[in-house]
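Numbered from 1 within each chain, the chains take letters A, B, ... in sequence-line order.
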Amino acid sequence: MEISLVSGNGITPIPNSQSPLTCSCFPFLPFPFSATAVRPFKNSKFTVFATTTVELNETRNWQRNVPPKSSKIVSLRNKTRQSAILDVQESSDLDSALSRSGGKLKAQDLNVILRHFGKLNRWKELSQLFAWMQQNEKTNIASYSGYIKFVGKSLDPMKALDIYNSIKDELTRNNVSVCNSLLDCLVKNGKFERCLNMFHQMKQAGLKPDIVTYSTLLVGCAKVKDGYSKATELVRELKYHGLQMDSVIYGTLLSVCASNNQCQEAERYFMEMKSEGYSPNVFHYSSLINAYSVDGNYTKADELIQEMKSGGLVLNKVILTTLLKVYVRGGLFEKSRELINKLDKLGYAEDEMPYCILMDGLVKAGKVTEAKTLFDEMKNKNVKTDGYAYSIMISGFCRGGLLQDAKQLASSYEAKYDRYDIVILNTMLCAYCRAGEMDNVMKMLKKVDESAISPDWNTFHILIRYFCKEKLYILAYHTLDDMHKKGHQPEEELCSSLIHYLGKTGAHAEAFSVYNILKYSKRTMCSALHEKILHILVAGRLLKDAYIIIKDNAGSISQSATQKFAVSFMKSGNINLVNDVIKAIHSSGCKIDQKLFHMAISRYVEDSEKKDLLLQLLKWMPGQGYSVDSSTRNLILKKSHLYGCQIVAELLSKQQVVSKTKSRQTRTK
DNA sequence: ATAGGGTTAG
């Protein structure tokens, strides 16, 4: 493997990342990858749901059974438009079809085609069509809300934002469907912060939010930290605007509570909902049971199950699976096992989820063997798997230090399935890294690169740890840099150990770069790190950078480290900064000793062009209580003809006054 | 005539 050419001393340069043969996810990796077909691992829930919605609406329209307009002319025109729609929709050359038939179409006809492309995930044609509609001024509100929705579905929230921001017409921009469409797009793509900002901006511009708007925003709260308090705020706001809470909003709220560990608040909303006359359905119950799973509160979960039964509700697959989660979290493994059997009898254990829940619990309780037994049992039953079960077991083995088992299971997954997503990839990567299987690590990275999967925070961490373990510090550095550029914040501990190794192996500039990455991605960092990087910079003769460290972090650097830096700087630092460095050291509370002054002044007298700097220093010294000693004084006097005898004499005599005062003070002490 | 919504697994 070429990678082993990068030696452990951390100095061998990495092949040029511009090379067309490198990996696009990890541009610094020194092996050739070709990007092949892009195929998502799983259908997202969203895709399924959005399709269902569109189909549902169409069914509704059809059921509405609008009577046809009677006039022959109208029906003829409709026919013309209908065939024009089909022409554009089915054409293999969209542009020519549009120039041929586009003129016959109205905005609402073009919207039909827009939805058609959107439904089939034909994003390129979707944008092309919309651009044409804009150019020919054949858009209406539906075009915007529909197009933004589909751009969101195509996972391009930034483009959706651009489109929204480019809307000039105020009525369109403040239209509630257009706004809801954009907000939903941001939520679905994990840009909740942005979504809230947008929401405030929209309100200021004149949007009148409706219940859909709040519902959309509340869904986002379930996915973020601190989502609960934001949800509370939103609920207060919607009530203030006179909007009515409904059953689904309560459902969303309960799920927000469950995912934010707000068990008591979930109970409160559940009660409130009941008192407003809504009877809870399976969604409400499953969210509340899920909230109980956090603490494994099986007593309360069982009570809810009883309540459902007496209310005549059917215990469906999700309810029973959620109940299993409660039992597992509560450590009731026997009872969990019985519940799985029950699920199996009901035909609810056809996919791997219930097994996964129990296996995960067992593994986390240190019962890896029991988990493996269940895993084998599941496989013998030919239960469908998407890789979850494998990743639970593989990481379980890793956690238990059973690296050979982990590796074996990983390769058996590879042999049987050719489907990957980020979690299974990370798990396998981790297993191979822990087992030290370089070739397999590379194979996994190649998989990442060949698929549409983008490496996440975890991927980078696993890799960086591994490269450090293998003493490939420069490679670890490049990975960290890439991680940072892709917007992930690396952990401080990882950075600090990498800084340590890079420093030790002579990669001083890289160490400094890691320090800066940490500094700019975190508000606080361990203060000992400043001193650590200072030592590295001094060792690497990166004295100007070291000076900045001293200046910015005076409080957290020891006197001895400062002193060491100062000596180095006086010896070989940039002469034009010598005075600045002396001042910085002084103001950091460190006394400047005679040796330093002597070194600085020796450098000045060697270079007659630095006369002004010398005079400046001599002028500054007495004000701070410093004076030169006799040997330094002689050094200056030898060259005083260069500086003007008069000035030098004056400056030195001022210093003598200082030194006399000082020695007198010392004596009286 | 366009927007939206709740439950389980790594």
Side-chain angles (χ1 to χ4, degrees), chain A residues 42 45-46 49-50 53-54 57 60-61 64 66 106-108 111-112 114-115 139-149 152 172 175-185 187-188 207 209-222 245-259 269 273 280-291 293 316-326 328 343 348 351-361 363-364 385-396 413 421-428 430 458:
Chain A
K42 281 180 74 178
K45 275 186 180 169
F46 169 55
F49 184 74
T53 314
V54 171
N57 285 339
R60 276 194 204 127
N61 292 341
R64 223 180 272 148
V66 185
K106 297 181 176 177
Q108 65 260 39
N111 290 344
V112 170
L114 209 61
R115 287 195 297 274
T139 55
N140 59 23
I141 284 178
S143 319
Y144 278 98
S145 67
Y147 185 57
I148 289 173
K149 179 177 97 178
T172 309
N175 175 278
V176 71
S177 344
V178 173
C179 290
N180 288 346
S181 219
L182 181 69
L183 295 174
D184 183 55
C185 159
V187 166
K188 293 246 164 66
L207 164 72
D210 63 5
I211 196 71
V212 176
T213 319
Y214 287 103
S215 171
T216 305
L217 295 173
L218 282 171
V219 170
C221 295
M245 297 280 286
D246 65 16
S247 169
V248 180
I249 288 267
Y250 273 116
T252 314
L253 270 173
L254 287 169
S255 82
V256 171
C257 293
S259 57
Y269 278 120
M273 180 185 79
N281 60 23
V282 277
F283 290 106
H284 304 113
Y285 278 109
S286 66
S287 282
L288 190 53
I289 293 172
N290 192 30
S293 78
N316 67 9
K317 187 168 151 182
V318 176
I319 290 286
L320 292 176
T321 312
T322 312
L323 182 65
L324 177 68
K325 192 172 148 186
V326 181
V328 169
L343 280 158
Y348 292 164
D351 68 49
E352 61 185 335
M353 196 179 309
Y355 296 95
C356 288
I357 293 171
L358 182 50
M359 282 190 301
D360 185 52
V363 155
K364 282 182 178 149
T385 169
D386 275 332
Y388 290 109
Y390 277 89
S391 59
I392 291 167
M393 280 317 302
I394 295 169
S395 61
Y413 179 83
D421 70 0
I422 192 62
V423 178
I424 186 85
L425 272 164
N426 284 344
T427 310
M428 312 229 328
C430 186
N458 239 321

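Considering only side-chain N and O atoms, A/Lys188 lies under 4.0 angstrom from the phosphate OP1 or OP2 of B/dG5. Phosphate proximity of B/dT2 to A/Lys149: absent, as no side-chain N or O sits under 4.0 Å from OP1 or OP2. Contact check, A/Arg115 against B/dA1: no side-chain N or O comes under 4.0 Å of OP1 or OP2.
The distance between atom CG of A/Asn281 and atom P of B/dT7, rounded to the nearest whole Å, is 12 Å. Look at CE on A/Met273: it is 16 Å from P on B/dG6, rounded to the nearest Å. Look at CG on A/Leu217: it is 10 Å from C1' on B/dG4, rounded to the nearest Å. Nucleotide B/dT2 holds its C1' atom 14 Å from the CG atom of A/Leu182, rounded to whole Å. A/Met428 has its CE atom 19 Å from the P atom of B/dG10, to the nearest Å. One atom, CE of A/Met245, and another, P of B/dG6, lie 15 Å apart when rounded to the nearest Å. Distance OH (A/Tyr214) to P (B/dG5): 18 Å, rounded to an integer number of Å. The CG-C1' distance, from A/Asn140 to B/dA3, rounds to 14 Å in whole Å.
Of all the heavy atoms in A/Ser293 and A/Lys325, the pair that sits closest is OG-CE, 3.3 Å.
A donor N or O paired with an acceptor N or O is found under 3.5 Å between the base of B/dG10 and the side-chain atoms of A/Asp421. One donor-acceptor pair, N or O on each side, does fall under 3.5 Å between the base of B/dG10 and the side chain of A/Ser391.
Here B/dG5 is the nucleotide among B/dG10, B/dT8, B/dG5 with the atom lying nearest to any side-chain atom of A/Asp246. Distances from the side chain of A/Val423 to the nucleotides B/dA9, B/dG10, B/dT2 place B/dG10 closest. Nearest nucleotide to the A/Asn290 side chain, out of B/dT2, B/dG4, B/dT8: B/dT8. For A/Ile357, whose side chain is taken as the heavy atoms from C-beta onward, the closest listed nucleotide among B/dA9, B/dA3, B/dG4 is B/dA9. Considering only the side chain of A/Ala142, B/dT2 comes nearest among B/dT2, B/dA9, B/dA3. Of all nucleotides listed (B/dG10, B/dT7, B/dG5), B/dG10 comes nearest to the side chain of A/Ile424. Nearest nucleotide to the side chain of A/Ser287, out of B/dT7, B/dG10, B/dT8: B/dT7. The side chain of A/Ser145 lies closest to B/dA3, out of B/dA9, B/dA3, B/dG5. The side chain of A/Ser181 approaches B/dA3 more closely than any other nucleotide in the set B/dA3, B/dA9, B/dG6. Side-chain atoms of A/Phe283 lie closest to B/dG6 of the nucleotides B/dT2, B/dA9, B/dG6.
Inspection of the A/Asn180 and A/Ser177 side chains reveals no N or O donor paired with an N or O acceptor under 3.5 Å.
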